[in-house]
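Values below: every heavy atom of this structure, side chains too, minus hydrogens, waters and symmetry copies. In what follows, chains carry the letters A, B, and so on, assigned in the order in which the sequence lines appear, proteins first and then strands, with residues in each chain numbered from 1.
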Protein chains: 2
Amino acid sequence: MHRAERLFQLTTLLRNRRTVLTAKQMSEHLRVSERTIYRDIQSLSLSGVPIEGEAGVGYRLSHRYQLPPLMFDREEVEALLLGARMVSSWGDTDMAIHANQAIQKILSVLPDHLRHSDESLPLLVPNMEEVQKYYTAHSQPMREAIRLRQRVAIDYVRADEQHSSRTIEPLGMIFWGKVWTLVAWCHLRDDYRTFRLDRIQSIVVTDEKFDTSDSKSLKHFLHLMKEKYAQEPEATAPHEC
Amino acid sequence: MHRAERLFQLTTLLRNRRTVLTAKQMSEHLRVSERTIYRDIQSLSLSGVPIEGEAGVGYRLSHRYQLPPLMFDREEVEALLLGARMVSSWGDTDMAIHANQAIQKILSVLPDHLRHSDESLPLLVPNMEEVQKYYTAHSQPMREAIRLRQRVAIDYVRADEQHSSRTIEPLGMIFWGKVWTLVAWCHLRDDYRTFRLDRIQSIVVTDEKFDTSDSKSLKHFLHLMKEKYAQEPEATAPHEC
DNA sequence: AGCGTCCCTGACAGTTTATGTCAGTAAGCG
DNA sequence: CGCTTACTGACATAAACTGTCAGGGACGCT
């Protein structure tokens with residue numbers, strides 16, 4: 001086995017493990033001595049691979065390195081660039097930051113004759129930053145609540161100006177072009193409800209956690225929508241509160 | 001110099017060249033013998049790097065390998081996934097195909113506990129395929145015309161139902177959320193004009209090529225828009241025909 | 001056809017790098 | 001504290017790599 005191949009396999013081993021690996025375990029797996037593993041680890045570290053080692057414990061790959069390199073062809077890269085521009089324009093501030101970081105990474109590997117010319121990718125998205133702050137108000141705390149599965153208390157105003165306050169369990173968000181819709185479980189109605197993000201007046205993330213289940217999850221909601229759409233092809237708008 | 005490093009430099013050399021490189025040129029550049037270059041090429045080929053060699057000519061890197069691997073962290077990947085979903089939903093058929101390919105590649109490298117759960121990325125884009133066929137009608141021939149710099153003859157209907165026919169030089173397209181706008185040079189007006197893609201009734205790509213210049217290009221158009229926006233912050237809509 | 005330029009491969013002697021064993025130091029955990 | 005682990009240097013041996021040389025083949029041009 002070539003050394004380069006072994007280094008690659010070592011990285012893959014570490015990448016596919018969420019708990020630590022000892023040098024002994026790795027040496028047995030790759031059929032080399034422990035001393036060789038220590039050397040390999042050093043080589044990888046010198047090459048920039050962020051491996052963390054702790055005496056008496058073992059090795060782990062730094063969290064930020066857990067995704068391997070991706071290979072895209074030109075057309076895929078163009079689609080990704082366009083998409084990232086959309087996220088940068090239509091998403092909230094945090095999303096935009098990450099999208100722009102990804103854009104920079106992509107641009108940094110494009111050959112010179114493709115990088116500097118806007119005409120190399122004549123598909124643009126206007127910078128809607130100021131407008132979008134309105135449509136993505138509350139997006140960031142809401143995404144955090146979705147991720148951490150925390151109930152949120154909201155004040156909401158419907159299209160007909162009716163106000164309401166309630167506590168909901170946020171499950172996900174859907175982008176409809178300019179407008180974001182929140183999918184949540186509403187205890188007031190004991191059912192799913194969707195809310196236009198820009199119509200939420202205020203949001204308080206509570207300390208109360210919630211669980212999802214087979215019958216209360218974003219996946220279940222999407223399944224119901226698909227069934228509903230199959231029965232009533234004209235129906236496109238889910239229940240809004 | 002380590003061999004691994006030289007293999008990397010060799011790949012970079014080939015990647016940054018659009019014409020062929022001979023073994024002799026590479027050996028001089030990397031200060032090794034030609035025999036070593038032949039060995040290196042064989043190693044790279046065995047590792048899957050698609051290098052094409054032709055006797056009497058030289059080597060080139062297969063077109064599909066001209067972009068190197070990209071490394072993204074989790075947040076960037078999430079932004080890219082969301083963006084690709086937007087392109088898949090809001091772009092034309094070709095764009096959607098490439099976006100979905102990119103999505104599959106990204107999903108294939110996600111760890112299992114992140115891949116199968118919609119709840120791992122609760123930011124969705126509805127499938128607007130049927131609706132979007134309307135908004136992206138003529139998108140593909142138009143993009144082709146932009147790329148090949150070919151004049152197109154269009155029939156257009158304005159919002160006030162006025163019809164017109166003209167020949168234009170398409171420069172780029174802008175996504176405004178649902179709606180695509182074409183940026184073109186209009187000979188009838190001797191100026192830039194924008195057209196809503198969905199209001200174009202018909203399109204004929206002509207055999208006539210056009211050139212761009214410093215004063216007639218997408219870049220120039222964007223520059224003018226920025227200047228116009230700086231002078232009149234309330235103005236957001238460019239001239240529509 | 002011959003010629004020049006290139007890709008391609010095997011063999012071999014010499015050079016360089018990598019490996020395993022051994023010994024020793026240091027850190028984390030119960 | 002003892003046990004388990006990470007960590008490093010030294011050294012003999014094994015493995016890999018390199019350049020030179022020789023030979024074969026493909027392609028384009030005259």
Side-chain angles (χ1 to χ4, degrees), chain A residues 1-69 111, chain B residues 1-69 111:
Chain A
M1 182 190 306
H2 283 286
R3 183 164 192 258
E5 194 175 331
R6 193 179 67 237
L7 291 181
F8 177 79
Q9 289 193 20
L10 200 52
T11 310
T12 303
L13 261 189
L14 285 164
R15 183 172 278 132
N16 290 337
R17 290 280 302 236
R18 278 181 282 171
T19 55
V20 294
L21 270 174
T22 63
K24 179 170 171 154
Q25 287 169 325
M26 289 189 268
S27 71
E28 281 165 0
H29 192 96
L30 297 173
R31 300 175 185 271
V32 291
S33 68
E34 290 181 40
R35 185 66 182 89
T36 296
I37 295 295
Y38 291 126
R39 289 194 182 105
D40 287 351
I41 297 285
Q42 190 173 63
S43 290
L44 287 171
S45 293
L46 286 176
S47 298
V49 182
I51 298 174
E52 299 160 353
E54 206 172 334
V57 180
Y59 291 103
R60 87 178 68 251
L61 207 48
S62 162
H63 177 68
R64 296 183 64 84
Y65 202 73
Q66 282 184 355
L67 296 174
Chain B
M1 184 191 304
H2 283 286
R3 186 168 189 254
E5 194 174 330
R6 194 179 66 237
L7 291 182
F8 177 77
Q9 290 193 20
L10 200 53
T11 309
T12 303
L13 262 188
L14 285 165
R15 185 172 275 132
N16 290 337
R17 290 280 302 237
R18 279 182 282 171
T19 55
V20 294
L21 271 173
T22 62
K24 181 170 169 145
Q25 288 170 324
M26 288 189 267
S27 72
E28 282 164 0
H29 192 99
L30 298 172
R31 298 174 187 272
V32 291
S33 69
E34 290 180 40
R35 184 69 182 90
T36 297
I37 295 294
Y38 289 126
R39 288 196 183 103
D40 288 350
I41 296 285
Q42 187 173 60
S43 290
L44 288 171
S45 292
L46 285 176
S47 297
V49 183
I51 299 175
E52 298 161 350
E54 203 174 338
V57 180
Y59 290 103
R60 86 177 69 247
L61 206 47
S62 163
H63 176 69
R64 296 184 64 86
Y65 201 75
Q66 284 184 355
L67 296 174

As an exercise, state the distance from [atom1] of [X] to [atom2] of [Y], rounded to the nearest 0.5 Å.
X       : Y       : atom1 : atom2 : answer
A/Ile51 : A/Arg60 : CD1   : CZ    : 12.5 Å
A/Leu13 : A/Met26 : CG    : CE    : 7.5 Å
B/Gln9  : B/Thr11 : CD    : OG1   : 10.0 Å
A/Leu10 : A/Leu30 : CG    : CG    : 6.0 Å

Report, one pair per line, the protein and nucleotides 27-30 of chain D atoms (nitrogen or oxygen only) whose separation is under 3.5 Å.
none

When the C1' atoms of the five terminal pairs at each end define the local axes, what inter-axis angle does the helix from C/dA1-D/dT30 to C/dG30-D/dC1 show, to 10 degrees?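 Inter-axis angle at the ends, rounded: 50°.
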Within-4.5 Å side-chain heavy-atom neighbours: B/Leu61 and B/Val49: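 Yes, close enough: below the 4.5 Å cut-off.
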By a strict heavy-atom criterion of less than 4.0 Å, which residues belonging to residues 36-53 of chain B are in contact with DNA chain D?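 Within residues 36-53 of chain B, the residues near DNA chain D are B/Thr36, B/Arg39.
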Over all heavy atoms of both residues, which pair between B/Gln25 and B/Thr22 is shortest? Give the atoms and the distance, please.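 Closest pair (atom of B/Gln25, atom of B/Thr22, distance): OE1-N, 2.8 Å.
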If you compare all heavy atoms of A/Pro69 against all heavy atoms of B/Pro69, which two are closest, and at what distance to 0.1 Å?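 Looking at all heavy atoms of both residues, the closest pair is CB-CB, 3.4 Å.
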How would you list all residue pairs meeting salt bridge (Lys or Arg N to Asp or Glu O under 4.0 Å) that involve residues 39-55 of chain A, not counting sequence neighbours?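 Every pair satisfying salt bridge (Lys or Arg N to Asp or Glu O under 4.0 Å) with a residue in residues 39-55 of chain A: A/Arg3-A/Asp40, A/Arg6-A/Asp40.
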Please name all residues satisfying side-chain hydrogen bond (donor to acceptor under 3.5 Å, both in side chains) with B/Ser47, sequence neighbours left out, ordered by chain then number.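 B/Ser47 satisfies side-chain hydrogen bond (donor to acceptor under 3.5 Å, both in side chains) with no residue once adjacent residues are dropped.
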All side-chain hydrogen bond (donor to acceptor under 3.5 Å, both in side chains) counterparts of B/Gln42, not counting sequence neighbours: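 In terms of side-chain hydrogen bond (donor to acceptor under 3.5 Å, both in side chains), with neighbours along the sequence ignored, B/Gln42 is linked to no residue.
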Which sits closer to the 5' end of DNA chain C, A/Arg31 or B/Thr22, going by the nucleotide each is nearest to?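 Comparing both residues, the 5'-ward one is B/Thr22.
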